[in-house]
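Read through the structure below, which is laid out as structure tokens, and then see the notes.
Here the structure is a predicted model, which is why all the values come from computation and not from measurement.
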Amino acid sequence: MGAILEIKGITKYFGRICAVDDLSFSVNKGEVFGILGPNGSGKTTTLAIVMGLVNPMKGTYSWFGGDIPSDISRKKIGTLIEVPYFYPYLTLSDNLKIISRIKDIPFDDIDRVLKTVNLYNRKQSKYRTLSLGMQQRMAIASVLLGDPEVLVLDEPTNGVDPKGIADIRDVITGESEKGKTIIMASHILAEVEKVCTNVAVLKEGKLLAEAPVSELPGKEVKLLLSSEDNERLQEELSRSGIVKTTIPGDDHVLATLNDGVTPLQVNRFLVQKGIVVSRLEEKKITLESQFLELVKES
Amino acid sequence: MLTNLLRIELIKILNYKAVKVLLGLHLFFLVMVVFLSSRISIELPGFNPRNLLAFPYVWQTVTWMASWFNILLVFTVIILTCNEFAYKTFRQHIFNGLNRDQLLVGKGSVILMLAIYAFLVVFFTGALFGLIYSSDTGYSDLFGSFHILFVYFLQTLAYMVLGLVIAILMKGTGLSIVMFFLLRILIEPVFRSFFEPAFRQFFPLKAISSLTPVPEFLSISSESQITTDGADMLTFESMGLFTHQLPLSTNIVLVAGYTLLFIVLIRTYLHRINL
């Protein structure tokens, strides 16, 4: 798979504040790439740099292998950064006509994208008459205009109601299933976890980790175990060599398994030792807990 | 791409009330001022102020009057440009695939359209009043001072480009308009006053405004002057007014040079800033 976006050593300061510090990563075709980080970590600045809004002080980036100029590349990208930007006094149709003209897209596509985001009946409404949620849906419509190869989304569900969030998630999933490459910055980690295949975690402009979601550091399997004698259970597990750590709880033991060890192997081991397990529950490791661990560690 | 940029700007302009109001006011004020000037009557023998509206003098009179309302064209450019910053639509255009030069060319096409609009308004107003107040009009009279219309065209271009520069630097509509006024009535005049009168003509706003000088009211209105060759006692210069004026050709080159300089400066600035 070829790199759709390649960033090499990008650095950007705003005054004395370092927004992005020697950042490098690449996004391959077909990936749904999440950029995570606490507020001020450099997510939006990174996207603003690769979309040509902000000039980096050092480093380079290239779209589609760098074969075409960046402004032409951007015509093949649907972008939504922070909030939607439209002319409030123009209708939805006129706003989308402007984008169509810039991207050399026929006007026929305007109806399709407005139907996709359920705004077709507001086609002739002025943009300023839309509610916040509708404005965000209009932004998604503009992103989908011309069926772009790549979507760049920064907090795409900002200000959207739960139904709208679900709709936008469906749009993202649908586009990803079509093989589109999606680059998405968000602080709503549950949302990222649902749709992303790969993530980059940023803090203070630095890249902390970049990996497929399934391979992020801290992705160990944790088990909640209970038996009639939890003390003995913990002792046996600690000596077994199949767990990294064991932590006693009120009525359970929390065990972190060594790499490659499965819950079934743990159960077999305990049965061999004559311990009857009354509870064996895999503790779900969310992207959020991994993210918090990464950010805390750094 | 140029046609596309022009069409994009047309979508923005044709649906924007403020622009329609400003251009409507420009047309209304110009026609009203010319009409009111045609109503002036001075009961002096051998003195006919309506000669000012006869061919070929009408072109000079109407362009001079039209230059009073250039400010409305500048406001239009400032509002349209500052809107792009207020609505952050310059950013959106960059996302969608325009580059920074194309943003500038887009606004340049607006300026060109407005200059053509102003040219046509002045042409039709001048032609209308010229036909009404001229007797036995020949082609040589009709197009006698017609070149002044193209000079006026350059003047509107130069003013609007300066308005664009200020709008991109200031980014806010109110601030840009205040800045334009300050530059026009305070900053440049004060700065100019430190220099010799002959040198003052080389300052940008002075040079731009000098492109459409006050018509020679007295000599044009005096019927004996019109028919008497060589009698220049009623010209402004002979009365010690508007002295040190640069020759028109020098002024044109100077203003064209300033306009180009403004464009180069603003292009450089636009490439450096984060949008």
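Surrounding CZ of A/F107 are more than 12 heavy atoms belonging to other residues, nucleotides or ligands, all under 6.0 Å away. The environment of CG in A/N121 is crowded: more than 12 heavy-atom neighbours from other residues, nucleotides or ligands sit within 6.0 Å. The environment of B/E188 atom CD is dense: over 12 non-hydrogen atoms of other residues, nucleotides or ligands sit within 6.0 angstrom.
Chain B forms more heavy-atom pairs under 4.5 Å with one residue of A/I102, A/V143, A/V54, A/T79 than with any other, namely A/I102. Comparing B/L275, B/T89, B/N99 by heavy-atom pairs within less than 4.5 Å of chain A, the highest count is held by B/T89. Note: A/P88 leads A/G146, A/P88, A/G52, A/S142 in heavy-atom pairs under 4.5 Å with chain B. Heavy-atom pairs under 4.5 Å with chain B peak, among A/K75, A/K76, A/K97, at A/K75.
No donor-acceptor distance shorter than 3.5 angstrom exists from the side chain of A/D71 to the backbone of B/I94, with no hydrogens or angles considered.
Contacts with chain A (heavy atom to heavy atom, under 4.5 Å) involve these residues of residues 3-33 of chain B, listed by number: B/N4, B/R7, B/I8, B/I11, B/K12, B/N15, B/Y16.
A/D104 touches chain B through its side chain: at least one heavy atom from C-beta onward sits under 4.5 Å away, while N, CA, C and O do not. With a 4.5 Å cut-off on non-hydrogen atoms, A/F14 touches chain B through its side chain but not through its backbone. Interface remark: A/K12 contributes side-chain atoms only to the contact with chain B (heavy atom separation under 4.5 Å). Residue B/R100 touches chain A through its side chain alone, counting heavy-atom pairs closer than 4.5 Å.
For the pair B/F95/A/L80, no side-chain contact is recorded, criterion being any heavy-atom separation below 4.5 Å from C-beta on.
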Run A/I98 and B/H93 through side chain to side chain contact (heavy atoms under 4.5 Å, CB included) and show every step you take. CA-CA 9 Å; A/I98 290 176; B/H93 292 344; 3.7 Å; yes
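Taking every heavy atom of both residues into account, A/Y89 and B/Y87 meet most closely at CE2-CE1, 3.8 Å.
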